[in-house]
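If you're wondering where the values come from, they're calculated on a predicted model, not measured in any experiment. Chain letters run A, B, ... following the sequence lines, proteins first, then strands; residues in each count from 1.
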Amino acid sequence: MKQFLTVLKFELNNYFKNKSFVITTFLLALVIAAVVIVPTLIPGLLDDESETAEPDTSEELVIDEETDAEASDEEESSYGICVVTDAEDVNLDMICAAFPAEWKTYESEKEIKEAVETGDIEAGFVMESPTDVTYVVNDLSMYDYLGEMFSETLAECYKQQYLLEKGLTAEEILESESFYVNVTEEVLGKDSGQNYWYTYVLVFVVYFLIIFYGQMIATSVTTEKSNRAIEILVTSVNSNSLICGKVLAGAIAGVLQAGIILGSGFASYGLVKEAWGGLLDFLFDIPANVLIVYAVFAVLSYLLYAFIFGMLGALVSKTEDISKSSSPVLMIYIASFMIAIFGMTSDSNSMLMKVASYIPFTSGNAMFIRVSMGSVEIWEVLLSAVILVASCVLAGVLAAKIFRFGTLHYGNPIKLRTALKKANRE
Amino acid sequence: MKLEVNELKKSFGEVEVLHGVSFSVESGSALGLLGRNGAGKTTTIRILMDVFKANSGTISMDGKPFIPKEYQIGYLPEERGLYPKKTVGEQLIYLAMLRGLSAKKAKEQTKKWLERMGVSEYENRKLETLSKGNQQKVQLAQTLLCDPDIVILDEPFSGLDPVNAQILKDVIKEQIQAGKLVIFSSHQMSYVEEFCEKIAILNHGDVVLGGNLRDIKRDFGRDRLVLSSLGETPEELAEMLKNEFSDLLDVEKVQKDRVIIRKKAEENKPLIMQRLLEQGVDLEFFGLYEPSLNDIFVERAGDEA
């Protein structure tokens, strides 16, 4: 036990004396605190945001956004338009009026393409008939909805025109669009919309912990073999103390780092919650029971993976071999992460999630998501936790055995199956 | 304390690397474990340190089974390695604490041994910034800082210049005088001759020669004589001996300045002397052959070199 504590202290010191570890931790904590606090210090910033968050009617919104965008660009976008057929029923005036911009008319499709290419106009519309339009643009960005907006606006125009022809007055048309059915949601279980974001962030925290620290833990286990200090260590320290000390040091450092960064976020939001007017509740207002389940499952599953990475570290004798041998475990974790994300976005109570929440490799994320976003019985949570704890212990024992067997095995990485077989025989 | 190793056998997979190694060593003396590369020295030491389990054979201390954990053992492995990115002091204190020293005692001992080895100015430097010889001295400090009852040194002199080798020699002599049990493996026979009362030469996993070094040397030189002449070169002398003395001796080796012969019978020495004088050989040296450990080693372990 004394040896274990000595190893733990030494290994923790490796992390805490590492400048990049300290700097990253405090920098990230500071950034999060700044992101939460600074907006509250800028007068007027949060008031504006709360206004734009108010729902608008869709028609106005389109126009608003359009004019907003133009205002921010401080110059009106210019578009070109041309009619290629001699279809006389294309009403250019109406279109231009409905879609406010600086319009230029061209004679042919070719001219419009040239104008777009030279940058005279941002985009062009070639009207083949009132209902067939080609949208010409130089580079189509991911978020370019101009084509759709044009189509919708045009359709709206035609609808109004049609209704007017049918004898309705403009007032009647406006009235026909004013029906509004108010639906109030009453959620008996959990509202995914409410808790999606914090669940997402918390799952990501574990993801980063495992991805970043897994390799570091494996490396720390391999270090002594790599620099041959193991020759001395193996004769002066129990190998169980050594590997447990190393893995737990990595685990503690990781949890502490995540804790400090998340804690900084929570603490600073606590300070300025009033100023935000509860606007960030979707990130920070997490029910206590969800937080507890998260803490337990995140730590346990992180520990499980930490021991598995420790085991991998014990299999190789050179630090440069780690990335190769650790990729299968990373794959397993990434698969578990994918299942978690899929469960979050689709149905957190699906069969897949239920099964995943008992398998130790996936239960960390899956059970947490079920608790956070779905409905779970307490016994399910406890059972899953017990399975996870048992798996951690098993992984720890196996890691120690493999470590003992692999300590003085230099050269090529040992295959996991061979190591398990031989370690068992010893 | 008397450490006895009896009939150790060890296999790795199908290959048996130790075929029954035996030797013994007592407190206050040093055993030289000799052997060519791959002879089984390090494996023997690792079994001694309980890193590997022997397939058969026993190790006992004063007649009781030897349990390494019950003793403070200072071990300098052949594969040197410590933490290159850590300061010298930090890692020595850590290793001392792992071996059961209190934090305070570990600090004291670290200071003491770094000073003794003449590297105390590097205490707060990272190990990787030290020269190879100084790193080696830090390793030695590491070996001795827990005041071990048993000191096991695997090739301690490799990488040391003559001045540093002298410091190490003094330290090892001190340890022997202080009643420590020292096991010493080396290829440098001169050092082994200097310290070791007993030797065990390992070859292919067998002890091919073992026991008290003085006895071994005497036995080895028993029927041999060394002679040299002022009048003839060793080659001429050897030629003459082959022609005129073949009834009494065989010429075994012609060296740069002397000839080594083997007597054909134990009582031939006076006869040879007499005949040499009759022949008018201007003798420069005539005496018993005392083999160097190197000669013995090459003869016993150099079978298929």
(request) Select one option (side chain, backbone, both, neither) describing which atoms of B:Q72 are under 4.5 Å from chain A's heavy atoms. (result) neither
(request) Counting only heavy atoms closer than 4.5 Å, note whether B:E78 contacts chain A via side chain, backbone, both or neither. (result) neither
(message) Which heavy atom of A:K2 sits nearest to which heavy atom of B:G100, and what is that distance?
(response) NZ-O, 3.6 Å
(message) Tell me whether A:K324 at atom NZ has more than 12 heavy atoms from other residues, nucleotides or ligands lying less than 6.0 Å away.
(response) no
(request) Look at atom CZ of A:F16 and say whether more than 12 heavy atoms of other residues, nucleotides or ligands are closer to it than 6.0 Å. (result) yes
(request) Just do the side-chain contact (heavy atoms from CB on, under 4.5 Å) check on B:K85 and A:N227 with the steps written out, would you? (result) CA-CA 10 Å; B:K85 305 262 177 223; A:N227 62 25; over 6 Å; no
(message) Give the interface residues of residues 3-10 of chain A toward chain B, defined by a heavy-atom separation under 4.5 Å.
(response) A:Q3, A:T6, A:V7, A:F10
(request) Report the distance from atom CD of A:E231 to atom CD of B:Q139, rounding to the nearest 0.5 Å. (result) 10.0 Å
(message) I need the minimum non-hydrogen distance between B:G81 and A:I232, along with the two atoms involved.
(response) O-CD1, 3.8 Å
(message) I need the A:N14 CG to B:Y94 OH distance, nearest 0.5 Å.
(response) 8.5 Å
(message) So for B:L95, is it side chain, backbone, both, or neither that comes closer than 4.5 Å to the heavy atoms of chain A?
(response) side chain
(request) Name the option with the most non-hydrogen atom pairs under 4.5 Å to chain A; the candidates are B:E90, B:R99, B:K86. (result) B:K86
(request) Might you confirm whether atom NZ of B:K111 has over 12 heavy atoms from other residues, nucleotides or ligands at distances under 6.0 Å? (result) no
